[in-house]
Amino acid sequence: MAPHEIRRPFKRRPISDQQKRRELSLLRQSQHRSDAQQRARNLASSVISLQSSSPDVDPEILFEAVPELDEGTESESSSFDVRQASRLRGPEARKWFARQLMLPEWMIDVPDNLSRDWYVLARPAGKRCFVVSSDGTTVSRVRNGSILHHFPSALPGGARKKGASGPANSYSILDCIFHESDQTYYVIDMVCWRGYSLYECTAEFRFFWLQSKLAETGACDPPSFYHKFRFSAVPFFNCDQSGLHSAYTGSLPYVKDGLLFYNKHAHYHTGNTPLVLIWKDESCSQYVIDTDNNGEVPDQQHIVLELQEEGKLVTSDDPPVPFSCLNADFVKQSGLLSGSLIRFAIGDGGLNCVDGRFEKADLQYIGVSNRARAFADSYSKIMFQYMARHSPLKVEDLASTISHENQQDKTPEVEMSD
C-alpha cells in the first residue's frame, strides 16, 4: 500500500453499533471522574505485593474481552485494597487483574474522523503485562496476575542503588508487551509516572509523556546490573495516509501482531473500550484467524459463549450480546451450569445482522471450553473473525476512508446567494 494511493470511499453495511458506543464512551468519560490517584496506588501495591496466581495458566488466553465495568463496579474495583486482592485465587484473581488493563475491541467498522482523531501503532507480538516500579524493585505481571519478572530497572524507584532520585514512596505503572526474542519491554501506554496518575488524561497527553519521560530515566538503555531489561516506547503515528503506511509497512525492531488504533481523546479506561481498536491481516500478524489446540485453522469458526440462566448463551460484553439459547433438557443432560463457558462452531448458516444489530447465528455445540479460560468471546472478536473468513476489512479500506476524509476537508463550502 503506497501512502499516496487514493481509493474510492469505503462503505460497508453496518454490522455493529461500535461507532455509537465510541461516542457514548467519550461522553461518559467527560461526565464521570473517579479517584484515579487512589486507583493507581491500589494497582501498584497489588502488582508489587500480591502472591502470584497459578503460573501454569496461559496469559494469552486473557487477551479476550473483559466485561466492561459499570460505574458502581468500577468504583468498587478502584477501592479494592491489597488485603482483599491477596485472597483472590484462580478465575477471580485472573478477572481482577484483567480488569485493570485497557483492552481494545476488534475493529469491525472504520471509525469516523479516523485521520483526525486517531493514532495508529504496530502492536508488538508478546505477553501483555503491567510493569510497576516502586521502593527499589520492579515487577511485571501478566493478565492472569502471575509474575512474569521481578527485577531491577532504571525506571523511577525501580532499583536499590545510590543516587536514585525522587521520593521514596514514588511508583510508576507502564502498560507493556514483553517481546521474548529481544528480551525487551515495549511500552504501549503510561498509566502512572512518579506517583502521578494518568488514568484521566487523554491518549494524546499520555503518549507525549511516554515518549519524553521514559528516555530521561535511562530505561531505554541496554541492560546492566541495575537494569535487567531494556524498555522501548512503541512509535505511534497520526492515522493519516503516511502514518498508516509507516505503521503497516515500516521496519521495526520487533515482530508485529496487528495494528492498534487509539482515539486521541480517550482516557485510560479499565476493561474493554471501543476507543482503542485492534486490527489484523496476514501482512502484519501471524495470528489473524484463531487456531485450534494443534495450531491449525479449523474449517469452521469456533467461538466461546457463556451459559446464563434459562439456557441463554451470551458474549462477554457489557451488556452481553445474546447469541442463542440451549434447551433445558440438553443443559441438564450435559451437566452444564450457569456461568459455564461453552465452545461452538459456526455452521453454514453463518451469522446474520440487520441494520447493525446481531439477529441470529447457526451454532453447533462442541463442548465445554478450556478451564483456564476466564471469559467468553466478545461480540467484536466474533464478528472480526467471521469477517476475516468471509469479507475482511482490508488495509485498503482504511486508506480509502482516510483519502475520502482528506477530500472532504479540501472541498470548499459553497455559499448560497439570494
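Heavy atoms only: backbone and side chains are in, while hydrogens, waters and symmetry mates are out.
Side chains of Gln241 and Ser403: a donor on one and an acceptor on the other come within 3.5 Å. Counted by atom type alone, Tyr185 and Ser140 present one or more donor-acceptor pairs between their side chains at under 3.5 Å.
A donor-acceptor pair under 3.5 Å is formed between the side chain of Thr273 and the backbone N or O of Leu275. The backbone N or O of Pro222 sits nowhere less than 3.5 Å from a side-chain atom of His227 that would complete a donor-acceptor pair. Between the side chain of Gln211 and the main chain of Phe208, no donor-acceptor pair closer than 3.5 Å is present. Checking side-chain atoms of Gln385 against main-chain N and O of Asp290 turns up a donor-acceptor pair under 3.5 Å. The backbone N or O of Leu198 sits nowhere less than 3.5 Å from a side-chain atom of Trp209 that would complete a donor-acceptor pair. Panel note: side chain Thr138, backbone Gly158; a donor-acceptor pair is recorded below 3.5 Å. Of the possible polar contacts, one joining the Glu405 side chain to the Ser115 backbone as a donor-acceptor pair under 3.5 Å is found. Distance alone, capped at 3.5 Å, is enough to place a donor-acceptor pair between the Arg206 side chain and the Ala266 backbone. With Tyr254 contributing its side chain and Ala122 its backbone, the two residues share a donor-acceptor pair below 3.5 Å. At least one donor-acceptor pair closer than 3.5 Å links the side chain of Lys256 to the backbone N or O of Tyr248.
Remark: Glu359 CD is packed, more than 12 non-hydrogen atoms of other residues, nucleotides or ligands lying under 6.0 Å away. By the neighbour-count criterion of 12 heavy atoms within 6.0 Å, atom CG of Asp348 is sparsely surrounded, having that number or fewer from other residues, nucleotides or ligands. The neighbour count for Lys312 NZ, taken as heavy atoms of other residues, nucleotides or ligands under 6.0 Å away, does not exceed 12.
Remark: Asp240 pairs with no residue by the salt bridge (Lys or Arg N to Asp or Glu O under 4.0 Å) rule, at least two apart or across chains. Evaluation of the side-chain contact (heavy atoms from CB on, under 4.5 Å) rule for Ser369 yields Val304, Leu341, Arg343, Arg373 as partners, not counting sequence neighbours. In terms of the side-chain contact (heavy atoms from CB on, under 4.5 Å) criterion, residue partners of Glu296 (sequence neighbours excluded) are, by chain and number, Asp292, Asn294. Here Pro322 pairs with Val314 under the side-chain contact (heavy atoms from CB on, under 4.5 Å) rule; sequence neighbours left out. With sequence neighbours excluded, the residues that form a salt bridge (Lys or Arg N to Asp or Glu O under 4.0 Å) with Arg116 are Asp409.
Lys213 contributes atom NZ, which lies 11.0 Å from atom OH of Tyr196 (distance to the nearest 0.5 angstrom). The distance from atom CG of Leu101 to atom OG1 of Thr270, rounded to the nearest 0.5 Å, is 9.5 Å.
For the residue pair Ala159 and Ser153, the shortest heavy atom distance occurs at CB-O, 3.4 Å. Contact between Gln300 and Gly347 at its shortest, heavy atoms only, is NE2-CA, 3.8 Å. When all heavy atoms are compared, the tightest approach of Asp397 to Pro392 is OD2-O, 4.0 Å. For Thr137 against His150, the heavy-atom pair with the smallest separation is OG1-NE2, 2.9 Å. Minimum interatomic distance between Thr217 and Pro156 (heavy atoms only, all atoms of both residues): CG2-CD, 4.0 Å. For the pair Tyr287 and Ser285, the tightest heavy-atom approach, listed with the atom from each and the gap, is N-OG, 3.0 Å.
Pro111 is listed as a side-chain neighbour of Trp118, based on a closest heavy-atom distance under 4.5 Å. The shortest distance between side-chain heavy atoms of His179 and Val255 falls below 4.5 Å. Residues Leu121 and Phe207 have side chains in contact (heavy-atom distance under 4.5 Å, counting atoms from C-beta outward). Side-chain contact between Pro320 and Gln308: present, with at least one pair of heavy atoms (C-beta onward) separated by less than 4.5 Å. Side-chain contact between Val395 and Ser283 is absent, with no heavy atoms from C-beta onward closer than 4.5 Å. Put simply, the side chain of Arg21 reaches to within 4.5 Å of the side chain of Glu105, judged on heavy atoms. Taking the side chain as every heavy atom from C-beta outward, His149 and Cys129 never approach each other to under 4.5 Å. Side-chain contact between Ser242 and Phe237: absent, with no pair of heavy atoms (C-beta onward) separated by less than 4.5 Å.
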Side chain to side chain contact (heavy atoms under 4.5 Å, CB included) assessment of Tyr386 paired with Gln301: CA-CA 7 Å; Tyr386 187 76; Gln301 178 183 347; 3.4 Å; yes
Trace of the side chain to side chain contact (heavy atoms under 4.5 Å, CB included) decision for Lys264 with Tyr119: CA-CA 7 Å; Lys264 295 179 180 180; Tyr119 293 123; 3.6 Å; yes
Audit row: Leu174, Trp193, side chain to side chain contact (heavy atoms under 4.5 Å, CB included) steps and yes/no: CA-CA 8 Å; Leu174 301 178; Trp193 189 253; 4.3 Å; yes
Evaluate side chain to side chain contact (heavy atoms under 4.5 Å, CB included) for Phe229 paired with Cys176, printing each intermediate quantity in order. CA-CA 12 Å; Phe229 297 101; Cys176 301; over 6 Å; no
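Residue Ile382 is tested with Leu351, Val321, Ile108 for a side chain to side chain contact (heavy atoms under 4.5 Å, CB included); the sole match is Leu351. Checking Val276, Leu398, Leu259, Ile278 one by one against Met107, the side chain to side chain contact (heavy atoms under 4.5 Å, CB included) holds for a single residue, Leu398. Looking at Val139, Ile173, Leu155 one by one, the single match for side chain to side chain contact (heavy atoms under 4.5 Å, CB included) with Val131 turns out to be Leu155.
We find that Lys394 and Asp281 are not joined by a salt bridge, their nearest charged nitrogen and carboxylate oxygen being 4.0 Å or further apart. The pair Asp112-Arg22 does not count as a salt bridge, with every side-chain nitrogen at least 4.0 angstrom from each carboxylate oxygen.
Relative orientation of the Phe344 and Tyr365 rings is perpendicular, given thresholds of 30° and 60° on the angle between their planes.
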Show the atom names and distances, to 0.1 Å, of all donor-acceptor pairs under 3.5 Å that link a side chain in residues 330-337 to residues at least two apart or in another chain.
residue : atom : partner : partner atom : Å
Ser334  : OG   : Phe330  : O            : 2.9

